[in-house]
**Q** 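Here it is: the structure, laid out below.
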Amino acid sequence: MTGQAWLDGPRGRELCLLVAAAHDPRLSAVWHRSHDGPTPDLIDEALAALTRFDGAPVSALGEIELLHPLADSVCSAMYWQAPFAREALLDAPEVRAALLPVARALATAPGAEWWSSAVAFDRQHVVRWEHGAAHPDPVSASAALHGWSTRLAAEVRRELHSPEPLGGVSGSWWSAPTTHGLIESTRSLPPYDASLLFLVEECQGDFSSALVRPLQIDPDARVLEIGGAADWVALTRAHPLDVTPARRHDWWRVSGWSGRWLIPDWAAVAAEYDGVHLTVSAYLEGATRALPMDDAATMIAGWHPDATYWLTDAARPVGPARGWRQIRGGDQLDWAPNDHAAPPPAC
């Protein structure tokens with residue numbers, strides 16, 4: 001893992017600058033001033049600071065130290081609007097090239113070793129956010145996939161003949177098989193029970209408390225590893241599902257691609273795999289951008305880094321859940337466990 005591929009993705013580029021800015025006040029000032037968009041002077045300042053940047057401190061960062069800037073980049077992911085103005089600074093070819101030493105230093109950090117690792121069977125946990133609303137009863141994976149397929153087909157039919165211009169409407173924006181009851185799990189990162197406590201997209205919602213429960217995974221479960229953007233494209237090509245009418249408005253906003261959109265048909269994927277794991281590295285490279293494939297494109301959207309979606313019943317919640325609450329740790333959000341275990345919820 002060299003980190004170079006991360007610079008192909010908006011989330012990877014932002015992470016590299018965030019990490020560098022935490023160690024260089026000049027880059028921190030550039031980042032804060034970029035929120036209204038880049039200017040030639042700002043680009044020159046960024047290049048000057050990056051040229052003199054010392055990557056040694058970055059190469060020594062641990063898991064928890066990297067978790068916070070990674071969470072900030074994940075929180076910036078948007079699929080229903082144009083990219084933030086500040087992202088244009090990171091998309092400038094000269095700035096992207098100047099970030100390469102930062103990416104390489106980051107890739108050698110001890111805290112980034114797990115970003116390209118396979119799903120950790122013995123450390124998987126499922127998170128249930130506590131929004132105060134009732135949670136649906138658990139269902140089998142096959143029933144959940146049926147619900148996902150039925151809803152998506154209805155969305156496609158509804159928008160098939162939409163007269164609206166591109167960007168005229170908004171709706172579902174994810175390519176992950178979210179909702180309807182499929183289990184989504186992430187690994188524990190001691191002292192935290194699940195990386196998803198931090199690495200959650202659309203983080204502006206109510207994510208202040210959660211119940212986290214360990215999973216038992218069948219030892220012979222077949223898990224497809226998405227280690228890079230090319231793996232996602234290959235999966236989509238093997239099991240294509242055309243979702244153009246239902247996704248084109250939102251995904252055009254963020255990517256500028258106005259052609260066909262494909263995603264993996266998760267019901268078909270379930271015939272071959274019990275789960276699909278998206279590595280952090282693949283997320284940094286591929287999320288929030290159009291990934292070309294022949295005459296179409298696909299997008300990794302709504303799939304949290306390190307998350308595994310279980311497409312069969314090979315994963316089962318076991319034991320008690322532990323409650324976690326969000327706290328303020330200095331300038332950053334942090335999490336602390338509740339003092340007592342909660343009874344096993346319906347996950």
Side-chain angles (χ1 to χ4, degrees), residues 1-32 34 38 42-77 83-84 86-118 189 195 198-199 201 225-233 255 278-292 300 303-306:
M1 183 173 66
T2 67
Q4 183 170 353
W6 299 340
L7 299 180
D8 291 335
R11 306 279 58 77
R13 293 193 292 271
E14 182 169 326
L15 172 66
C16 288
L17 189 59
L18 286 171
V19 170
H23 293 82
D24 189 324
R26 296 167 300 177
L27 287 172
S28 178
V30 166
W31 182 241
H32 287 296
S34 71
L42 198 61
I43 291 177
D44 288 344
E45 289 182 39
L47 293 176
L50 287 169
T51 300
R52 299 190 297 270
F53 183 75
D54 179 10
V58 173
S59 299
L61 294 174
E63 286 183 352
I64 305 306
E65 292 172 298
L66 287 176
L67 195 54
H68 290 95
L70 179 58
D72 287 341
S73 180
V74 173
C75 185
S76 294
F84 292 120
R86 64 176 184 251
E87 293 191 19
L89 171 69
L90 304 174
D91 201 31
E94 59 269 40
V95 174
R96 186 187 304 195
L99 283 170
L100 183 56
V102 181
R104 287 174 172 164
L106 188 55
T108 64
E113 289 182 5
W114 69 277
W115 290 2
S116 59
S117 63
L189 289 175
S195 66
F198 289 89
L199 306 182
E201 293 187 336
E225 292 292 339
I226 305 294
D231 295 332
W232 180 276
V233 170
S255 71
L278 181 74
T279 66
V280 173
S281 186
Y283 177 89
L284 293 174
E285 177 189 354
T288 59
R289 70 182 180 103
L291 301 175
I300 302 172
W303 195 306
H304 305 111
D306 183 49

**Q** At their closest point, which heavy atom of Ser76 faces which heavy atom of Arg86, and how far apart are they?
**A**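 Ser76 and Arg86 have their closest heavy atoms at OG-NH2, 2.9 Å.
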**Q** Please give me the minimum heavy-atom distance between Leu89 and Pro38, naming the atom from each residue.
**A**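 Closest approach of Leu89 to Pro38, heavy atoms only: N-CG, 3.7 Å.
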**Q** Dump the intermediate steps for side-chain contact (heavy atoms from CB on, under 4.5 Å) on Leu61 and His23, then the final yes or no.
**A** CA-CA 11 Å; Leu61 294 174; His23 293 82; 3.9 Å; yes
**Q** At what distance, to the nearest 0.5 angstrom, does SG of Cys16 lie from CG of Leu27?
**A**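 CG of Leu27 is found 12.0 Å from SG of Cys16.
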**Q** Take Leu70 and Arg11, measure what side-chain contact (heavy atoms from CB on, under 4.5 Å) needs, and give me the verdict at the end.
**A** CA-CA 9 Å; Leu70 179 58; Arg11 306 279 58 77; over 6 Å; no
**Q** Could you please spell out the steps behind the side-chain contact (heavy atoms from CB on, under 4.5 Å) verdict for Leu17 and Val102?
**A** CA-CA 8 Å; Leu17 189 59; Val102 181; over 6 Å; no
**Q** Taking the side chain as everything from C-beta on, heavy atoms only, tell me whether Asp24 gets closer than 4.5 Å to Asp54.
**A**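 With C-beta onward as the side chain, the pair stays apart.
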**Q** What pair of heavy atoms forms the shortest contact from Ala112 to Leu66, and how long is it?
**A**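 Distance-wise, the nearest heavy atoms are N-CD1, 3.8 Å.
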**Q** With a cut-off of 6.0 Å (strictly less than), are more than 12 heavy atoms of other residues, nucleotides or ligands near CD of Gln4?
**A**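 For Gln4, atom CD is not crowded (no more than 12 foreign heavy atoms under 6.0 Å).
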**Q** For Leu67 and Leu199: C-alpha separation, side-chain torsions, deciding distance, then whether side-chain contact (heavy atoms from CB on, under 4.5 Å) applies.
**A** CA-CA 8 Å; Leu67 195 54; Leu199 306 182; 4.0 Å; yes
**Q** Say you draw a straight line from CG of Leu100 to CG of Leu50; how long is it, rounded to the nearest 0.5 Å?
**A**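 Taking CG in Leu100 and CG in Leu50, the distance rounds to 11.0 Å.
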**Q** Indicate yes or no: at least one non-hydrogen side-chain atom of Glu285 is less than 4.5 angstrom from one of Ile300.
**A**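 No, every pair of side-chain atoms sits at 4.5 Å or beyond.
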**Q** Is the backbone N or O of Trp31 less than 3.5 Å from a side-chain atom of Ser34, with the two atoms forming a donor-acceptor pair by type?
**A**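 Looks like yes, one N/O pair under 3.5 Å.
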**Q** Please report the interatomic distance CG(Asp8) to CZ(Arg96), rounded to the nearest 0.5 Å.
**A**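 CZ of Arg96 is found 6.0 Å from CG of Asp8.
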**Q** So how far is it from Leu291 CG to Asp231 CG, rounded to the nearest 0.5 Å?
**A**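 Answer for the CG-CG pair, Leu291 versus Asp231, is 11.0 Å.
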**Q** Which atom pair, heavy atoms only, marks the closest approach of Leu18 to Ser73?
**A**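 Between these two residues, the closest heavy atoms are CD1-N, 4.0 Å.
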**Q** Are the side chains of Trp114 and Asp306 in touch, meaning some heavy atoms are under 4.5 Å apart?
**A**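 Contact flag for Trp114/Asp306 side chains = yes.
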**Q** Looking at every heavy atom in both Ala103 and Trp6, which two are closest together, and how far apart are they?
**A**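 It is O-CZ3, 4.0 Å.
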**Q** Is any side-chain heavy atom of Leu99 closer than 4.5 Å to one of Phe53?
**A**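 No, side chains not in contact.
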**Q** Check whether any side-chain heavy atom of Leu284 sits under 4.5 Å from a side-chain heavy atom of Pro305, and report yes or no.
**A**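 They are not in contact (no side-chain heavy atoms under 4.5 Å apart), so the answer is no.
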**Q** For the residue pair Thr279 / Trp115, report whether a side-chain donor-acceptor contact shorter than 3.5 Å exists.
**A**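 No, no side-chain donor-acceptor pair sits under 3.5 Å.
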**Q** Is Ser117 reaching over with its side chain to a backbone N or O of Glu113, donor-acceptor style, under 3.5 angstrom?
**A**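 Judged by distance alone, no pair lies under 3.5 Å.
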**Q** Could you tell me which non-hydrogen atom of Asp72 sits nearest to which non-hydrogen atom of Glu14, and how far apart they are?
**A**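 Looking at all heavy atoms of both residues, the closest pair is O-OE2, 3.9 Å.
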